[in-house]
Peer 1: 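Here it is: the structure, laid out below.
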Amino acid sequence: MLPEHVKQKFVDFHDAAASNGILNPKTTVMIQLGAAMALGCHPCMKTLTRIAEEKDVSQEEIGAVYGIAMAVAAGTVFNRYREVCKELDAV
């Protein structure tokens, strides 16, 4: 496991990023949830969905975040395979 002082530095970094003073808490949790969805982090999605509900993020807003995350993920596959096709044409 991580040494306690390293773990604490991560927690401090995470908290500073989440409490950035620029984005409001509702927007921040929606971005966090979308990132968790895009990365496929099940524990993060579960925790952040609960936090989003506590911050009055509606089911409709969560659905919009979900759709955006799916579109970004699909774009990743689209662009990666397009690069493969370009490389094959160059061979």
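Just so we're clear, the structure is a prediction, and the values are computed from it rather than from any experiment.
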Peer 1: Taking only residues two or more places apart in sequence or in another chain, which ones pass side chain to side chain donor-acceptor pair (under 3.5 Å) with Asn20?
Peer 2: none

Peer 1: In a table with atom names and distances, give each donor-acceptor pair under 3.5 Å that connects a side chain of residues 34-56 to protein atoms at least two apart or in another chain.
Peer 2:
{"residue": "Thr47", "atom": "OG1", "partner": "Pro43", "partner atom": "O", "Å": "3.1"}
{"residue": "Thr49", "atom": "OG1", "partner": "Met45", "partner atom": "O", "Å": "2.7"}
{"residue": "Glu53", "atom": "OE2", "partner": "Gln59", "partner atom": "NE2", "Å": "3.2"}

Peer 1: Less than 4.5 Å apart, any side-chain heavy atom of Lys86 and any of Glu83?
Peer 2: yes

Peer 1: Would you check if Leu88 and Val84 make a side-chain contact, meaning some heavy-atom pair closer than 4.5 Å?
Peer 2: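 Yes. Closest side-chain heavy atoms under 4.5 Å.
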
Peer 1: Ignoring hydrogens and angles, write down the donor-acceptor pairs under 3.5 Å from the side chains of residues 69-81, residues two or more places apart or on other chains.
Peer 2:
{"residue": "Thr76", "atom": "OG1", "partner": "Val72", "partner atom": "O", "Å": "3.1"}
{"residue": "Asn79", "atom": "OD1", "partner": "Arg82", "partner atom": "NH2", "Å": "2.7"}
{"residue": "Asn79", "atom": "ND2", "partner": "Gly75", "partner atom": "O", "Å": "2.9"}

Peer 1: Quick check on Lys9: does its NZ atom have over 12 non-hydrogen neighbours (other residues, nucleotides or ligands) under 6.0 Å away?
Peer 2: no

Peer 1: In Å, rounded to the nearest 0.5 Å, how long is the span from CD1 of Ile68 to OH of Tyr66?
Peer 2: 13.5 Å

Peer 1: State, to 0.1 Å, how close Lys26 and Val57 come at their nearest heavy-atom pair, and which atoms those are.
Peer 2: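 Nearest pair, atom of Lys26 first, then Val57: CG-CG2, 3.6 Å.
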
Peer 1: In Å and rounded to the nearest 0.5 Å, what is the OG1 to CD distance from Thr27 to Gln32?
Peer 2: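 The OG1 atom of Thr27 sits 11.0 Å away from the CD atom of Gln32.
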
